[in-house]
Amino acid sequence: MTVDTFRTLTGLVVPAITTEQMREVDRVAVEEVGPNLYQMMEKAGRSLAALCVGLLGDRWPSAPIVVLAGTGGNGGGGICAARHLANHGGDVTLVVSDPTRLHGVPADQLALYGATRGRLAPVSDLGELEAELVVDAVLGYSLCGAAHGTAAELIRWMSSGTAPVVSLDVPSGVDSTTGMALGAYVRATNTMTLAVPKTGLDSDAVGALWLADIGIPREVYRRVGVQLSEGLFTTGYRVRLTKDAGNEGCG
Ligand SMILES: NC(=O)C1=CN([C@@H]2O[C@H](COP(=O)(O)OP(=O)(O)OC[C@H]3O[C@@H](n4cnc5c(N)ncnc54)[C@H](OP(=O)(O)O)[C@@H]3O)[C@@H](O)[C@H]2O)[C@H](O)CC1
Ligand SMILES: [K+]
């Protein structure tokens, strides 16, 4: 099931774009206009951390939080969120699917996380971890095929537990264009997608959908042909999105 638009709680219509269009937004930002990947990932991670704190309410900061990170940009955003949560006194345990495959900005995020008081646990410790909140930063919009290997193991761990899951950008294992999952996938209670919602986020796996502002200026969207309302982030750095009734019956 895909949709062309979402709405904010104040009724603003927000266009949904495909993974391919999102990649082009990323490319124009990184290669032509800005912000760079560091700047966008930092905004993503900090917004994700703020959402987690809000969802925990008075259980913050004592509630144990487990952050599961993959090997790409999605993982980098999760590692960044883990740092912000640890910096603010949270009880954080980070598990990276394969730290040896991290490179570039995600690898730098892991090194920075190492300077916090947050814990880093191997995948083999998953069975011993207790969580009151889980952050799913395993797979993002570069999912290709059915989730496999350690990523699938992390997804199964999330699915087998009772803790609510907050997914970054898209529930891991779900295709952000089609909303379909060819294999194991996360059933999130909340999903925080970045910059612009994707057409595949109408899936039941998404839970409550949030859109985070990661600082991309309108010139980038103009070059990619995406029309975002000027008032979209007037109330803050994240907005709640709901399905746009006008989408009923979209294929
Ligand atoms: N402007 C933005 O929207 C920004 C988004 N950000 C985040 O970046 C991700 C996209 O990051 P990317 O590095 O392109 O890819 P992912 O993190 O989605 O995936 C990374 C690796 O996942 C592995 N993979 C892919 N398919 C599978 C599968 N079926 N099973 C298991 N593993 C899979 C693959 O790793 P390999 O080691 O196998 O090569 C991918 O490399 C986006 O979603 C946002 O969260 C930026 O952080 C900021 C700007
Ligand atoms: K994810």
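Remember, it's 1-based here, ligands and their atoms both numbered in the order they're listed. In what follows, residues are counted from 1 in the order of the sequence shown. Below, each value reflects all heavy atoms present in this structure, side chains not excepted, and no hydrogens, waters or symmetry copies. From a predicted model like this one, the values you see are computed outputs, not experimental measurements.
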Exercise for the section: Indicate whether the side chain of T242 and that of R7 have a donor and an acceptor atom separated by less than 3.5 Å. Expected result: no

Problem - Polar side-chain atom of D175 near backbone of T178 as donor-acceptor pair, under 3.5 Å - result: yes

The K ion (ligand 2) to nearest N/O/S of [X] less than 3.4 Å:
X    : result
L168 : yes
P171 : no
G70  : no

Within the 4.5 Å heavy-atom criterion, are [X] and [Y] side-chain neighbours or not?
X    : Y    : result
P35  : K43  : no
L68  : D136 : no
W210 : T193 : no

Completion exercise
In this structure, the K ion (ligand 2) sits at the vertex of an angle between OG of S172 and O of L139 that rounds to 10° as 70°

Practice task
Please note down the angle at the K ion (ligand 2) between OD1 of N74 and O of D136, to the nearest 10°.
Solution key: 90°

Fill in the blank from the handout: Tightest non-hydrogen contact, residues A86 and Y113, listed as CB-CE1, 4.5 Å

Exercise for the section: Run the salt-bridge test on R223 and E24 with the 4.0 Å N-O cut-off and return the result as yes or no. Expected result: no

Practice task
Would you mind checking if D91 and R119 are paired as a salt bridge, meaning a charged N to carboxylate O distance below 4.0 Å?
Solution key: yes

Fill in the blank from the handout: Near ligand 1 (heavy atom, under 4.0 angstrom), the protein residues are M22, D26, L37, M40, M41, T71, G72, G73, N74, R101, L139, G140, Y141, S142, L143, C144, G145, A146, A147, H148, A151, D169, L194, I214

